[in-house]
Amino acid sequence: MASWVLVIDDDVPFTALLTERLEAAGCFVTSANDALAGFIQAETLSPVLIILDLMMPLYGSGLEVLKKLRSNKSLAEVPVIIMTGL
């Protein structure tokens, strides 16, 4: 089974660049452009790392996603790197 890195960020060009760099380093990468899709992908894929934007316009903020991740038994221990453009 592949080990996935999940990038959750609404900035599509940044997500593409980050994905390209992570794949070049040998990672399997998937991305979501809003909080809801990101949480669904996290539940589906059980990633080994999540890179999370704090400021997203739809379906909740990155902070809300982080709270949901930490309250989910299977995702509570997944490392999360929080990034923001602020």
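The chain is numbered in sequence order, starting from 1.
Partners of R21 according to the side chain to side chain contact (heavy atoms under 4.5 Å, CB included) rule, which considers only residues two or more places apart in sequence or in another chain, are L17.
Between M83 and I51, some side-chain heavy-atom pair lies under the 4.5 Å cut-off. Residues F39 and N72 have side chains in contact (heavy-atom distance under 4.5 Å, counting atoms from C-beta outward). Using a 4.5 Å heavy-atom threshold, the side chains of L66 and R70 count as touching. In this structure the side chain of V5 never reaches within 4.5 angstrom of the side chain of P47, judged on heavy atoms. In this structure, I8 and D53 have side chains that are not in contact, with every pair of non-hydrogen atoms separated by 4.5 Å or more.
Atom CD1 of I40 and atom CG of L45 lie 11.5 Å apart (nearest 0.5 Å). Interatomic distance, CG of L63 versus CE of M56, reported as 10.0 Å (0.5 Å rounding).
Following chains of ILVMFWY side-chain contacts shorter than 4.5 Å, one cannot reach I81 starting from L54, and the two form parts of different hydrophobic clusters. When hydrophobic clusters are built by joining Ile, Leu, Val, Met, Phe, Trp and Tyr residues whose side-chain heavy atoms come closer than 4.5 Å, directly or via intermediates, L18 is not grouped with M55. Transitive grouping of hydrophobic side chains (ILVMFWY, heavy atoms separated by less than 4.5 Å) brings V65 and I50 into a common cluster. Side-chain heavy atoms closer than 4.5 Å link hydrophobic residues (I, L, V, M, F, W, Y) into clusters, and following such links, possibly through other members, connects I82 to V78. In the hydrophobic cluster analysis, where Ile, Leu, Val, Met, Phe, Trp and Tyr join through side-chain heavy atoms closer than 4.5 angstrom, L6 is grouped together with V80.
Contact record, A35 with S61: CB-O, 4.1 Å, taken as the closest heavy-atom pair.
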Report, one line per pair, each donor and acceptor closer than 3.5 Å where one atom sits in a side chain of residues 22-34; sequence neighbours left out.
| from | atom 1 | to | atom 2 | distance (Å) |
| --- | --- | --- | --- | --- |
| T30 | OG1 | Q41 | OE1 | 2.9 |
| N33 | ND2 | D9 | O | 3.1 |
| D34 | OD1 | L36 | N | 3.1 |
| D34 | OD1 | A37 | N | 2.8 |

